[in-house]
There are 2 protein chains.
Amino acid sequence: MLKYEAIARDIQSSIEDGSLRPNERLPTVVELCEIYAVSKITVKRAMDWLTEAGLVTTRRGSGSYVKNSTGLVDDPLSVGVNDRAQGFTAEHADPAEKVSSMVYAFDIVIPSPEIARHLAIANDDFTYYHCRTRLVNNVPITIEYTHMPLDLIPGLKRRHVCASVYRYLQQGLGLKIASFHRAIRAVPADQIEAERLGIACNEPLLEFEQVGYLDSGVPFEYSISRNVGKRYTLHNITLA
Amino acid sequence: MLKYEAIARDIQSSIEDGSLRPNERLPTVVELCEIYAVSKITVKRAMDWLTEAGLVTTRRGSGSYVKNSTGLVDDPLSVGVNDRAQGFTAEHADPAEKVSSMVYAFDIVIPSPEIARHLAIANDDFTYYHCRTRLVNNVPITIEYTHMPLDLIPGLKRRHVCASVYRYLQQGLGLKIASFHRAIRAVPADQIEAERLGIACNEPLLEFEQVGYLDSGVPFEYSISRNVGKRYTLHNITLA
DNA sequence: AAGTGGTCTAGACCACTTC
DNA sequence: AAGTGGTCTAGACCACTTC
C-alpha cells in the first residue's frame, strides 16, 4: 500500500474509534512526519485524502482539525466517495444485496448524431444499444439506456448485459475505465418506465446522463440512467 | 499564482484553442519539466488538476492524453467543477443573470433533534431558520429551507437573507466556508412548493440535503434546497 | 531494454495565524 | 517572534508499458 494511503487510513481509524474527537486538532505536520517517519509531502497527501473524504479540514498557519460531521454522507472511504463510478454491480457488492437485471433490448444500431458526437464516433458508426432495469433484492432501482461503440468492444453478448457489462470490459477485454462526465437532473417517469420500475406515472426519477471514458481518453459509453427517486440517494462531498 | 495552476491553465488553453487535439499525447513529464522549468512533482500536480477538471487522462508507463470529450460537462474550470459550493449568488455571477429572492420566513427557532445533531449543537440551542425561493431573471429555480446556529453567526438580519447570506458570513464575519456534505434525491413538489415555484403539484424536484462546514470543521448550515427539475442541471466529473 | 508516469525524500522557502 | 500548513526543488527509486 502507498505510504500516504496507509497514514490516511490510520488517522481515519483514530477518528472513527474516537481516539481523535470532533473538532480536535491533529498533530502538526512536523509531528506526523516524525510519528510515521515520512517527509512533509507524504503527510500532506494523506491530509488531502482525508480532506476529500470529508473527515478533516486544514487551516494554513493554524493546524488540521477533525470535522464535526454526522452521517449525512456515510462511510466515505470504504467504498469510495464516488458512488456509481465502479458500476451498479460494484456499488451493491454487499452479499446481502442480490443484484439482477431485466433486459428489454440489446441490439446493434446507428445512434443519433448527438450520441455519436458524445462518443466521438462517425455518424455511420454502429453502437451496441441496451435497455435494462437493475434490481436489488428484486426491487427495481434504475432503468438504463446505454450506447457503446461497436468497434471498441468486440464480443459483447446478451449474457454480459444480463450480468455486468463493466466486468466484461475490464476483466474480459482488459480495458480501464477512468472517468465519467455527468449531468444530473430530476425528471418524471413516463408510462413505460413507471410499469417497468413498479411506480406511478410521473413519479420523480433521479436522472444521470453520462459519458464514460477509458484511461486512453476515449469515450466507451453514453448512457442515461433514471433512478427511482424514493429508492436512491446520491452522496457527495464538495470542497469550496 | 501557483506554478502548478499556471501550468495547468496554460495546457488547458492549448486544449481549448486546438493546439492540443483530442486523444493527442501530451509532452512527457520530463519534457514538461524542461518546458516550464519546474520539477516533476509540480508537473504532476498540474496534471492532477487537469485530470480532476476532466480534460486529460494519464496512463502510467504510457503518457498523458487529451480526453475526447464533448460538452456534457461544460467549461469545467472557469467557475469550478463543484457547482453550488460557493452559493447560489456566486453560481449565477453572470451579469446577464439577475438573482433575486422571495423570503417566506426568517425566524429564530429551536430546531428538531435531527437538525441539531447535524449541526453538532445542543438540543436547546437556537438556530436561525429561513425559507426562501431563489429566482434568476424572475424565474423561480429553487426553494431553500435553512438552519444556521445562532451562536455562530451574530447579527444576521433579514436584509442579508434577501441578498446573500454567504456574503455576510464571509465578508461580514470573516468566516471561511470549506466544504459541504450532500445527499441528492429526486422528490415531488408539494402543493405549497408548486405554487411558490410556479409549477404543478408533484412535479420532480432535485433535492439537496446538505450540511456546510467552516474551515474549522464546525457545521454552520443545515439546509434542504429543492430545485425545479426542468430548470436546473447539476454537472459532475467522477474519477474511477 | 528503453521509456513512461507515480511515489517519496530532505530540505528550502513562503503564507498565514497566533494553537 | 514563533509556530503552523503549503509549495516547490533536485533527484532517487519504483511500477508499468512498449510511445
Side-chain angles (χ1 to χ4, degrees), chain A residues 1-11 20-52 55-67 170 173-176 178-179 214-218 239-240, chain B residues 1-9 11 20-21 23-52 55-67 170 173-176 178-179 214-218 239-240:
Chain A
M1 192 185 303
L2 298 170
K3 282 193 183 181
Y4 73 86
E5 189 179 346
I7 294 167
R9 286 189 188 279
D10 189 58
I11 294 172
L20 281 169
R21 305 185 68 80
N23 293 335
E24 186 172 335
R25 209 183 72 163
L26 298 175
T28 68
V29 171
V30 171
E31 286 168 346
L32 289 170
C33 288
E34 289 163 3
I35 291 169
Y36 293 106
V38 298
S39 65
K40 274 181 76 173
I41 232 167
T42 301
V43 167
K44 170 62 177 156
R45 290 175 87 138
M47 299 307 298
D48 284 348
W49 201 78
L50 290 163
T51 302
E52 282 161 32
L55 292 169
V56 308
T57 183
T58 64
R59 286 208 284 186
R60 190 190 194 101
S62 172
S64 302
Y65 301 85
V66 179
K67 267 166 88 169
Q170 294 172 318
L173 295 176
L175 299 176
K176 289 191 186 159
S179 62
L214 301 175
D215 70 344
S216 59
V218 172
L239 305 180
Chain B
M1 188 187 299
L2 298 171
K3 282 193 184 182
Y4 74 86
E5 190 179 344
I7 295 168
R9 287 191 189 278
I11 294 173
L20 281 169
R21 306 186 67 78
N23 292 335
E24 186 172 334
R25 209 183 72 163
L26 298 173
T28 68
V29 171
V30 172
E31 286 168 346
L32 289 169
C33 288
E34 291 164 3
I35 291 169
Y36 293 105
V38 297
S39 66
K40 274 181 75 173
I41 232 166
T42 302
V43 167
K44 171 63 177 155
R45 290 174 87 136
M47 298 307 300
D48 284 348
W49 201 77
L50 290 164
T51 301
E52 282 162 32
L55 292 169
V56 307
T57 183
T58 64
R59 287 208 284 184
R60 191 191 192 99
S62 171
S64 302
Y65 301 84
V66 179
K67 268 165 89 170
Q170 293 172 318
L173 295 176
L175 299 177
K176 288 191 186 159
S179 61
L214 300 176
D215 69 343
S216 59
V218 172
L239 305 180

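A, B, ... follow the sequence lines: proteins, then strands. Residue 1 opens every chain. Note that these values count all heavy atoms, side chains included, but never hydrogens, waters or copies made by symmetry. For clarity, every value in this text was computed on a predicted model and none was experimentally measured.
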Of the non-hydrogen atoms in [X] and [Y], which two are nearest, and what is the gap between them?
{"X": "A:I7", "Y": "A:A46", "answer": "CG2-CB, 3.8 Å"}
{"X": "A:Y65", "Y": "B:S216", "answer": "CB-O, 3.7 Å"}
{"X": "A:A8", "Y": "A:L50", "answer": "O-CD2, 3.5 Å"}

Can you find a side chain N or O atom of [X] that sits less than 4.0 Å from OP1 or OP2 on [N]?
{"X": "A:S64", "N": "D:dT4", "answer": "no"}
{"X": "A:Y4", "N": "C:dC8", "answer": "no"}
{"X": "A:K3", "N": "C:dT7", "answer": "no"}

Q) Does any nucleotide pair with D:dT18 by Watson-Crick or G-U wobble geometry, both distances under 3.5 Å, and what is it? A)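 Base-paired to C:dA1.
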**Q.** Pair partner, C:dA12 [Watson-Crick or wobble, under 3.5 Å]
**A.**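 Result: D:dT7.
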Rounded to whole Å, please give me the gap between [atom1] in [X] and [atom2] in [N].
{"X": "A:M47", "N": "D:dT4", "atom1": "CE", "atom2": "P", "answer": "14 Å"}
{"X": "B:R45", "N": "D:dC8", "atom1": "CZ", "atom2": "C1'", "answer": "8 Å"}
{"X": "B:W49", "N": "D:dC8", "atom1": "CH2", "atom2": "P", "answer": "13 Å"}
{"X": "A:E5", "N": "C:dG6", "atom1": "CD", "atom2": "P", "answer": "16 Å"}
{"X": "A:L2", "N": "C:dT9", "atom1": "CG", "atom2": "C1'", "answer": "15 Å"}
{"X": "A:D215", "N": "C:dG5", "atom1": "CG", "atom2": "P", "answer": "13 Å"}
{"X": "B:D48", "N": "C:dT7", "atom1": "CG", "atom2": "C1'", "answer": "12 Å"}
{"X": "A:L175", "N": "D:dT17", "atom1": "CG", "atom2": "P", "answer": "13 Å"}

Q) Considering only heavy atoms from C-beta outward, does the side chain of A:I41 approach that of B:I41 to under 4.5 Å? A)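 They are in side-chain contact.
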**Q.** Heavy-atom side-chain proximity of B:R9 to B:M1 below 4.5 angstrom
**A.**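 The answer is yes, as the side chains (C-beta and beyond) meet within the 4.5 Å cut-off.
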Q) Closest nucleotide of DNA chain C for A:V43 versus for B:G63: which of these residues is on the 5' side? A)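 Of the two residues, B:G63 wins.
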Q. Which ones in residues 28-38 of chain A lie close to DNA chain D, meaning a heavy atom under 4.0 Å from one of its atoms?
A.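 The answer is A:T28, A:V29.
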**Q.** Nucleic acid footprint by protein, nucleotides 11-16 of chain C - heavy-atom cut-off 4.0 Å, B for base, S for sugar-phosphate alone
**A.** ----BB
Say you draw a straight line from [atom1] of [X] to [atom2] of [Y]; how long is it, rounded to the nearest 0.5 Å?
{"X": "B:E52", "Y": "A:E52", "atom1": "CD", "atom2": "CD", "result": "6.5 Å"}
{"X": "A:T57", "Y": "A:N23", "atom1": "OG1", "atom2": "CG", "result": "10.5 Å"}
{"X": "B:K40", "Y": "B:T28", "atom1": "NZ", "atom2": "OG1", "result": "9.5 Å"}

Q: Tell me, with the steps shown, if A:V66 and A:L26 meet side-chain contact (heavy atoms from CB on, under 4.5 Å).
A: CA-CA 7 Å; A:V66 179; A:L26 298 175; 4.0 Å; yes
Q) Given D:dG5, D:dT7, C:dC19, which nucleotide is nearest the side-chain atoms of A:Y65? A)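 For the A:Y65 side chain, the nearest candidate turns out to be C:dC19.
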Q. The side chain of A:R59 lies closest to which of these nucleotides: C:dT18, C:dC8, D:dG6?
A.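 Shortest atom-to-atom distance from the side chain points to C:dT18.
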**Q.** Chi angles and distances behind the side-chain contact (heavy atoms from CB on, under 4.5 Å) call for B:W49, B:I11
**A.** CA-CA 11 Å; B:W49 201 77; B:I11 294 173; over 6 Å; no
